[in-house]
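Single-structure report; data block below.
Not measured: the values here are computed from a predicted model. First the proteins, then the strands, lettered A, B, ... as listed; each starts at 1.
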Protein chains: 2
Amino acid sequence: MPRKPSYDRDALIAQARDIFWRQGWAGTSLKDLERELKLKPGSFYAAFGSKDALYALALQRYAQDGVSNMMALAQELGPLGALKAQPRRVIEASELPTKACMLSKTYAELQAKDHDLADQARTHMIVMKTCFADLFRQAQNAGEIGADHDPDRLAARYQSDLLGLRLSAERDDINAVEIAEDIATDLDRL
Amino acid sequence: MPRKPSYDRDALIAQARDIFWRQGWAGTSLKDLERELKLKPGSFYAAFGSKDALYALALQRYAQDGVSNMMALAQELGPLGALKAQPRRVIEASELPTKACMLSKTYAELQAKDHDLADQARTHMIVMKTCFADLFRQAQNAGEIGADHDPDRLAARYQSDLLGLRLSAERDDINAVEIAEDIATDLDRL
DNA sequence: GGCTTTATTGAGCGATCACTCAAGTATATA
DNA sequence: TATATACTTGAGTGATCGCTCAATAAAGCC
């Protein structure tokens, strides 16, 4: 008896993710979303409830894709190979709306206001860090890196370096590929 | 014959810098500024012209202080000593409104909108990077690091690492001191 | 004290914000 | 085909945005 929506909800979330990712939370107005997603206010609120609710879905999608991307890379190149390849991959992916990490942008923008979304971004970043730590642990067990390193500490440093790299990659005065290679090279000395 | 302002303009700029630094551009309303600086709208606009103009002054102040701070540190500890000390210094300074770099926050927030302030932040970051490069060059000339390194490349990597570190230092799930020490230790291997 | 000059005040401007809702439209079942 | 059920539409809500300006107060010079 009902009528089906004319839109693809998942596609809209991915589209919203790209807009939020690029422009940030405050930088994206409902006008922007309505225009890009081609939804009138009524449909928007029927579909997602609020701007923040859609942002939360976008963050979730972003984080999920990030982890599964890393997992797939590890499957292909092994744990250390994945960790070494990721820096270049992330700055050379040309289809991304922007190079910087959406989680860190969200956290940086909204933490001072104690916004719910900042907490969600923080949680997603912890999951990602845990994923990195697992890969370092696997690399250690495989003998690819020395046993005298704390995988959690390596993961924190690695994630920190990636955040810096991705921020730097937004600047045209910086050769991000060089930084990415230096990060990868450092992993060989472990 | 005239009447003098009752406020200290420099102090107001420093205060505005801290508010903008913490809350970002969109996250800071004129209501916020009027309340914190204790200026009514009329006085505010007579003194600074616009929100963006005050933000530009705040950015400038921030960048100037950053460079002169680094110069002073180099005077005290030498070029390599300053570069090694800075990571810990910047995350342990307890009087800062927030750990993350104001220039990178500004750039990340406003770059997508092609805002003037993003360009200004970018320019300030280049100056800072040049300052780092000079210190690496001095350290090289002093024989403190190998001659087979490009100071500009080292500076770009170093600045990138600092940005990541300072972002990470905002998170309570991360031991930023460990990252800072690892960054400093890496400089010894050059 | 009188006068000029500037600082201070705060009500209020138009624009935009996130969001609502009643009316209209399309579709799956009966 | 008739009806029930959702989806779609867009004008319009109150709140807040950055900002203006006419009125008032205060300070320096004669």
Quiz item: What nucleic acid atoms does B/Phe48 come within less than 4.0 Å of, heavy atoms only: base, sugar-phosphate, or nothing?
Solution: nothing
Quiz prompt | Gap between atoms CG and C1', on A/Leu39 and D/dG10 respectively (whole Å) | solution = 14 Å
Quiz item: Side-chain N or O of B/Tyr45 less than 4.0 angstrom from OP1 or OP2 on D/dC19?
Solution: yes
Practice problem: Kindly point out which of C/dT8, C/dA18, D/dC19 is positioned nearest to the side chain of B/Pro41? | Solution: D/dC19
Exercise. Go through the side-chain N and O atoms of B/Arg22 and A/Gln111 and say whether any donor and acceptor fall under 3.5 Å apart.
Key: no
Quiz item: To the nearest angstrom, how far is A/Leu33 atom CG from C/dT16 atom P?
Solution: 17 Å
Quiz item: Just how far, in rounded Å, is P of D/dT16 from CG of B/Asp32?
Solution: 12 Å
Quiz item: Reckon B/Lys51 touches a base, only the sugar-phosphate, or nothing at all at heavy-atom distances under 4.0 Å?
Solution: sugar-phosphate
Exercise. Is it possible for you to check whether B/Lys51 lies under 6.0 Å from the centre of the six-membered ring of B/Trp25, through NZ or CZ, and within 45° of that ring's axis?
Key: yes
Quiz item: Counting any heavy atom closer than 4.0 Å, what does B/Ser29 reach on the DNA or RNA strands: base, sugar-phosphate only, or nothing?
Solution: sugar-phosphate
Practice problem: Figure out the CG/C1' separation between B/Leu30 and C/dG10, and round it to whole Å. | Solution: 14 Å
Self-check item: Atom-pair distance (NZ on B/Lys38; C1' on C/dG10), nearest Å
Solution: 18 Å
Quiz item: Does the side chain of B/Lys40 get closer than 4.0 angstrom to OP1 or OP2 of C/dG10 through an N or O atom?
Solution: yes
Quiz prompt | Contact nearer the 5' end of DNA chain C, comparing A/Thr28 with A/Ser43 | solution = A/Thr28
Self-check item: Separation between CD of B/Gln120 and CG of B/Leu110, rounded to the nearest 0.5 Å
Solution: 10.5 Å
Quiz item: Can you tell me how far CG of B/Asp18 sits from OH of B/Tyr62, rounded to the nearest 0.5 angstrom?
Solution: 10.5 Å
Practice problem: Walk me through it: do A/Arg157 and B/Glu178 pass the test side chain to side chain contact (heavy atoms under 4.5 Å, CB included)? | Solution: CA-CA 8 Å; A/Arg157 169 79 200 278; B/Glu178 285 183 351; over 6 Å; no
Quiz item: Could you give the CZ-to-P distance, from A/Arg35 to D/dG10, as a whole number of Å?
Solution: 16 Å
Quiz prompt | Gap between atoms CG and C1', on A/Leu54 and C/dC19 respectively (whole Å) | solution = 14 Å
Quiz prompt | A/Phe44 CZ - D/dG10 P separation (whole Å) | solution = 17 Å
